[in-house]
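Only one structure is covered here, and it is reproduced in the block below.
No hydrogens, no waters, no symmetry mates; every other heavy atom, side chains included, goes into these values.
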Amino acid sequence: MSLVSLAPITEAARKANYAVGAFNPVDYASMKAIIRAAEEEDAPVIVQTSAKTVRYHGYEALVVWVRELAERSPVPVAFHLDHGKELEMIQHCIAAGWTSVMIDASHLSFEENLAMSRKVTTMAESAGVGVEAELGKIGGVEEEIVVAEEEAHLADPGKAEIFCRELNLGVFAPAIGTAHGVYRGEPKIAFDLIEEIYRRTGTPLALHGGTGLSDETIQRCIKLGCAKVNISTNLKHLFIGGFADYHRENPQDYEPLKVLAAQFECMKNLVREKIRQFGASGKGRALETSLCAL
Ligand code: 13P
């Protein structure tokens, strides 16, 4: 099937109490590992590219890869821009074939964030592209975006309600205590805030900073309203670790395809494990059929 937009899959996930995994590939192999894992788990999936990855590979290559992998796939795949900060890049992604984009204007004031996010929803709507927007400030390191602990702050539920009422979002990313990268110590998740924000907005929520969260935390967040869980750091570590471990264990083996196969398996297994953890296994083909019928 061709690539799908964000809202139909996050809404379906919310209704059935699971979350769609959103994974950040860094090249063709990691993208293929994500989509193959989703197929093996029979799950919908979101392939999301960081701005850095877009700049590295260019728009065209990424779209050609994802289309080649998703169009022959029996499960729904959304192609999403993660943490888009520049309107120009977002516009290029929409024109090039991304089916979903995130506008991250969380560094601006509430009014400016709302105005910039509105520009993106207007741009995206006419192209049938889904939108994710952020409120509050999620801490940690996500590629070039570095938010220090003292700078991070949680989303305000009253503002969240206005933000979501004003914007037609496929998914909403309020800061609720998670952080990008590796956690130092136990993360303090504001579960009550997730519940209140979901109750007041009715918009499926995105859980950023998925690497390092326990099964229990993730399941609780899903129950309270999260329908998209982001995993990047975990996958990056396995991209490097899968390659390095194979070489350490087989120091005389200089057959690159064997090393790549080992790295691929590591990444695919991680994605499968996460999809199961998010409760999305077994939902893919049925959802694909219902989307085709629309
Ligand atoms: P991690 O890097 O913690 O997995 O978070 C990913 C993320 O939220 C991308 O936006």
Side-chain angles (χ1 to χ4, degrees), residues 4-22 43-46 48 76 78 80-84 99-106 108 110-111 113-138 153-178 189-210 213 217-230 278-280 283 286-287 290-291 294:
V4 299
S5 183
L6 197 58
I9 59 173
T10 50
E11 275 163 19
R14 191 74 278 286
K15 277 191 199 129
N17 233 339
Y18 67 89
V20 184
V45 74
I46 298 165
Q48 58 180 17
H80 180 70
L81 173 69
D82 192 25
H83 292 282
T99 56
S100 168
V101 289
M102 176 178 184
I103 164 69
D104 174 359
S106 59
L108 302 176
F110 175 72
E111 289 73 21
N113 183 353
L114 182 60
M116 191 152 165
S117 301
R118 195 182 280 119
K119 274 191 193 154
V120 172
T121 52
T122 308
M123 234 156 43
E125 249 161 40
S126 53
V129 163
V131 178
E132 172 177 351
E134 177 174 330
L135 189 66
K137 214 172 204 185
I138 300 170
H153 61 266
L154 302 182
D156 174 84
K159 285 186 179 152
E161 192 176 336
I162 301 169
F163 198 70
C164 290
R165 199 190 314 128
E166 294 286 319
L167 304 166
N168 183 20
L169 300 177
V171 71
F172 174 45
I176 46 83
T178 56
I189 315 294
F191 294 107
D192 292 353
L193 184 62
I194 303 178
E195 186 170 26
E196 184 178 357
I197 288 179
Y198 183 66
R199 182 171 45 75
R200 290 172 72 153
T201 65
T203 307
L205 305 179
L207 187 63
H208 280 249
L213 296 179
T217 297
I218 287 185
Q219 260 126 39
R220 205 164 152 198
C221 293
I222 293 173
K223 216 171 262 168
L224 296 174
C226 294
K228 171 179 184 270
V229 182
N230 289 3
F278 306 158
K283 315 284 194 218
L287 182 57
S290 68
L291 293 177
L294 289 179

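Partners of K159 under the side chain to side chain contact (heavy atoms under 4.5 Å, CB included) rule, at least two apart in sequence or in another chain, are F110, L135, D156. With sequence neighbours excluded, the residues forming a side chain to side chain contact (heavy atoms under 4.5 Å, CB included) with A19 are I222, V229, F278, listed by chain and number. With sequence neighbours excluded, the residues satisfying side chain to side chain contact (heavy atoms under 4.5 Å, CB included) with Y18 are A12, A13, A16, V20, P44, A280, K283, L287. E196 meets the salt bridge (charged side-chain N to carboxylate O under 4.0 Å, His left out) test with R200; sequence neighbours excluded. A search for salt bridge (charged side-chain N to carboxylate O under 4.0 Å, His left out) contacts involving D104 returns K85, not counting sequence neighbours. Partners of S100 by side-chain hydrogen bond (donor to acceptor under 3.5 Å, both in side chains), not counting sequence neighbours, listed by chain and number: H80. Considering only residues two or more places apart in sequence or on other chains, T217 meets the side chain to side chain contact (heavy atoms under 4.5 Å, CB included) condition with I189, F191, L213, S214, C221.
At a threshold of 4.5 Å between non-hydrogen side-chain atoms, the residues H208 and H83 count as touching.
Judged by distance alone, the side chain of T99 and the main-chain N or O of V4 form a donor-acceptor pair under 3.5 Å.
The CD1 atom of I46 sits 7.0 Å away from atom OG1 of T10, with the distance rounded to the nearest 0.5 Å. Between I218 atom CD1 and R220 atom CZ the span is 13.5 Å, to the nearest 0.5 Å. Atom CD1 in I194 sits 13.5 Å away from atom CZ in R199 (nearest 0.5 Å).
The salt bridge (Lys or Arg N to Asp or Glu O under 4.0 Å) pairs that include a residue from residues 119-134 are E132-K228, where partners are two or more places apart or lie in different chains.
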Atom pairs and distances, donor-acceptor, side-chain atoms in residues 162-176, under 3.5 Å, two or more places apart:
from, atom 1, to, atom 2, distance (Å)
E166, OE1, R118, NH2, 2.7

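Pairing each heavy atom of C226 with each of L207, the nearest pair is SG-CB, 4.1 Å. Closest approach of G130 to L6, counting heavy atoms only: CA-CB, 4.3 Å. Closest of all the heavy-atom pairs between L154 and A190 is CD1-CB, 4.0 Å. Contact between T201 and A160 at its shortest, heavy atoms only, is CG2-O, 3.6 Å. Here the closest non-hydrogen pair linking Q48 and N230 is NE2-CG, 3.3 Å.
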